[in-house]
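To start, the structure under review is shown below, and the notes come after it.
Just the heavy atoms: all of them, side chains too, but no hydrogens, waters or symmetry mates, feed the values below. Naming convention: chains lettered A, B, ... in sequence-line order (proteins, then strands); numbering from 1 in each chain.
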There are 2 protein chains.
Amino acid sequence: MNIGEIAKRSGVARSTVSYALSGKRPVSEETRRRIQAVIDELGYRPNAAAKALKEGRTHTIGLVIPPASRRLTDMQLGFVASVVDAAAHADLDVLLSPSGGEHDRSFERVVGGRRVDGVIVMEIRLEDDRVTRLRQAGLPFVGIGRTSRPEEMSWVDIDYEKLIANCVHHLADLGHRHIALINRSEELVAAGYGPGHRAQAGFTRAMAERRLDGVQTCCADDAQSGVSCVERLLDERPDLTAIATLNEAATPGMYHALAQAGLVVPRDFSIAGVSARHWAENLHPPLTAADVPADELGARAVEMLIRLIADPTTPHGHLLVAPPISLRGTTGPARARDDRS
Amino acid sequence: MNIGEIAKRSGVARSTVSYALSGKRPVSEETRRRIQAVIDELGYRPNAAAKALKEGRTHTIGLVIPPASRRLTDMQLGFVASVVDAAAHADLDVLLSPSGGEHDRSFERVVGGRRVDGVIVMEIRLEDDRVTRLRQAGLPFVGIGRTSRPEEMSWVDIDYEKLIANCVHHLADLGHRHIALINRSEELVAAGYGPGHRAQAGFTRAMAERRLDGVQTCCADDAQSGVSCVERLLDERPDLTAIATLNEAATPGMYHALAQAGLVVPRDFSIAGVSARHWAENLHPPLTAADVPADELGARAVEMLIRLIADPTTPHGHLLVAPPISLRGTTGPARARDDRS
DNA sequence: TTGTACGCGTTATCAG
DNA sequence: CTGATAACGCGTACAA
C-alpha cells in the first residue's frame, strides 16, 4: 500500500494523490473523494522514511538521557515526561538515546544518521563532548543544563548555585551554624556535572557570607547511599544541625538515617533541598525545597528547539530558573544535637 | 555529505563505497582505505531515511507508554529503562509513543507510517484497540501485559492474580481476618486494565478460600490518594488489620495515613504488596512485597520482539512471572485495632 | 492533472 | 574478482 497503488486504484496520477493529501494544489472535490475512499479502504499511510528522505525533515526529535541502566531521578523523569508531552503536542515523535558515556553508538546513530530534526540533551557537563559533536554536526539542539560556556548554546537550566545558596541562607536565618551540603554522586561531580559544581560554588559562597562552618560531601543517587552518607556525617560532625541537598533520590535515606539516630525532623535537625515538587510533597515530612518546575523546563526546551529547527539562525535562547523555597516540614530553628533531652 | 560525494572524492563509483562499507562484496584493500580516509575526513554517515526506505527496516522499535502527563509508576519506569537498555544493546533505537487514550495521533504515526520495525506496548487492557490496530497493521509487537485473549499475541506479564492471592495467604497465615485490597485507579480499572481486574480476581478467590472478610477499593496512583484512601478505609472498617496492594505509587501515602492514625506498621497493621524491588526497599519500613523483576521483563520483551521481527512467523511467546514475596518490614501477626494500649 | 526528476543508499546485472 | 551502471523503494513538487 503505497501512493502508486492508491493512484492506480483511484485512476489518477501519483502526484494527484499527494496533492489531494497535502492540499498544496487544488484538487477537484470529485477526485478527492474518490481518492479518500480508496485510502480509507486500504488504510493507506504515507511512508515516513520516504517522506523524510524527500523533505529532509523527520518530524522527530532526539532526547538524550543518562544511560538507562543508571536510575533516573524523579526530576529527570519529569523532564522526560514533559519533553515527550510537549513534543506530542507539536506532532513530533521522540527518539530516545541513552548516552552518557564517552563513545556512544546510540548517540552517534541518532546524530550522524540524520534521524532527527533536533536534539534535547539532558545532564550536561561543564565540558561536554556531546555538545561539541552536535555543534559539529550542525544539528539544532537545546540543553537541559549548560556547559561552562553557556552563551554558545541554547539551554534551559536550574540555577543550582543560587538555590543552594538560598537553602544555606534559609537555614542560617533559622540559626543553623553547622551545615552539610549533600551533592550528587562522586562520579557525576568528577565528570564535571554542572549542577554538582554550581551547587558547590553556591554553598561555599553562602557559607562564607554567613561565616558558617560547613562540610561538603557527595552521595550516590539512591536511598541506601543517603543512609550511609548521613550516618557518616552525623558521626564525623556532631555539631551538624542541618543539611542542604540537591540529591533528591537520596533524601528518603537521609530521613531514615536521621530517624535511626533518634533525631526528629525538623525539631532536632533540618533539611532544605532542591527537588521536583511532586517528590518533595511525597516525602514525610514533606521536604522544604525549591520546587523545580520540570514540566515547564521541558516544554520550554521543546519550544526553543522547534524554533531553532524552523530557523537555525535563531539566536540562542537561555532560561535560568530559580524557584523560591517552599516551606514545608523539614526546617526549623537550630537546636544543638546534645541539647535534646 | 552523501555517498555520491564520497564516491566522487575517492574516484570510485557509489556502489563501490556502499560495498566497501557493508562488506557484501570484496573491495581491494587499496581503494577501501582511500574511501575510508575520505569518509573519516568528511565525517560521512549514511542517511538513515534512505537506508530505511531501501531496506524496509528502520532499526527502530516503538515503545508505547501511558500518556506522559500521567505520572509513570516506578515499575513502569523500570520497564522503560530496561527496554531502552536492551534495545541499545541490540543497536536498536527506541521511538516513544505516549498513547493511552482512544484515537491517538502519535500512535498512529508510529504504527501507520512504518517508522518502526516492531512495537512494545505497555499498560495493556483486557480489550485493547492498540493491539487490534497493531495486528491489523501486521506489525510485530510484544505486550508488557496481555489482553483477555492472551494466546493471540506475544507478551510478558506479571501474574497479579496469583501475587495478590499470595499476599492474602501470607496475611491470613499471620492471622489477619479483615483485609483490604487497594487497587490501581478507578479509571484504569474501569477501562479494563488487566492487572486491576486480575488482582480483583485473585483477591476474591483467596479471600473466599480462606473464608475471610475483605473489602476492595480503587485508589489513584499518587501518595495523596493513598492517604485519603486509607483514612477512609480505617474509618469505615474498624476491624481492618491489613492491606494488600498493587498500587506502589500510593504506598507512601498509606504509610502516612496509618502513622497519622497512630498505627505502627507492622505491629498494629500489616501491608503486603506487589512492587519494584527498588521501590519496596526505599520505603520505610521497607515493604514486604512480591518483587517484580522489571529489568528482566523489559529485556525479555525486547528479545521476543527481535525474534518476531527477524521472523514474523515465530510462534507467540508468553512469559508470566510470579516472583515470591520478599519478607521485609511491613507484615506481622494480626492484632485487633482496639487491642492496642 | 499528469509526467517526471529528485532525495540517497542498496544491490542486481553487466563489463572489464 | 573488481568496478561501474542502473533500477528500486516512496513521496514530493516542478514543469508541462
Expressed as a whole number of angstroms, how long is the span from B:Arg45:CZ to C:dC8:C1'? 16 Å
OP1 or OP2 of D:dG3 less than 4.0 angstrom from a side-chain nitrogen or oxygen of B:Thr31, does that happen here? yes
Any N/O donor-acceptor pair, B:Arg25 side-chain to D:dT2 base, under 3.5 Å: no
Starting at atom CD1 of A:Ile6, determine the distance to atom P of D:dT12, rounded to an integer number of angstrom. 13 Å
Are OP1 or OP2 of C:dT10 and a side-chain N or O of B:Lys51 less than 4.0 angstrom apart? yes
Could one point to a donor on the side chain of B:Ser15 or the base of D:dT5 with an acceptor on the other under 3.5 Å away? yes
Does the side chain of A:Ser28 get closer than 4.0 angstrom to OP1 or OP2 of C:dT1 through an N or O atom? yes
So, B:Ser15 versus B:Ser18: side-chain donor-acceptor pair below 3.5 Å or not? no
Within a strict 4.5 Å, meaning less than it, do heavy atoms of the A:Glu108 and A:Arg133 side chains meet? yes
Without decimals, in angstroms, what is the distance between A:Arg115 CZ and C:dC8 P? 17 Å
Nearest-nucleotide wise, let me know which of A:Ala50 and B:Val12 is further upstream toward the 5' end of DNA chain D. B:Val12
Distance check needed: D:dG9 C1' versus B:Leu53 CG, whole Å only. 4 Å
Looking only at side-chain N and O atoms, does B:Asn47 come under 4.0 Å of OP1 or OP2 in C:dC8? no
Is the positively charged end of A:Arg25 above the ring of A:Tyr19, judged by distance under 6.0 angstrom from the centroid and angle within 45° of the axis? yes
Hey, does A:Val17 reach any base, or is it just sugar-phosphate, or nothing, if we go heavy atoms under 4.0 Å? nothing
Over how many whole Å does the gap from A:Lys54 atom NZ to C:dC6 atom C1' extend? 5 Å
If you take atom types as modelled and just measure distance, does the side chain of A:Arg34 reach the base of C:dT1 with a donor-acceptor pair under 3.5 Å? no
Atom CD1 of B:Ile35 and atom C1' of C:dG9 are separated, to the nearest Å, by 14 Å
Rounded to whole Å, CD of A:Glu55 lies from C1' of C:dC8 at a distance of 15 Å
Sole residue of A:Val321, A:Val83, A:Asp157 in side chain to side chain contact (heavy atoms under 4.5 Å, CB included) with A:Leu297: A:Val321
Is B:Asp85 reaching over with its side chain to a backbone N or O of B:Ser82, donor-acceptor style, under 3.5 angstrom? no
Between A:Ser18 and D:dG11, does any side-chain N or O lie under 4.0 Å from OP1 or OP2? no
Euclidean distance, atom CG of residue B:Leu21 to atom P of C:dC8 [Å, nearest integer]: 16 Å
Judged by each residue's nearest nucleotide on DNA chain D, which is more toward the 5′ side, A:Tyr19 or A:Arg14? A:Arg14
Measuring to OP1 and OP2 of D:dC10, would you say a side-chain N or O of A:Tyr44 lies under 4.0 angstrom away? no
Pairwise side-chain contact, A:Gln76 with A:Pro66, heavy-atom cut-off 4.5 Å (strictly under): yes
Below the 4.0 Å mark, does C:dT10 have OP1 or OP2 next to a side-chain nitrogen or oxygen of B:Lys24? no
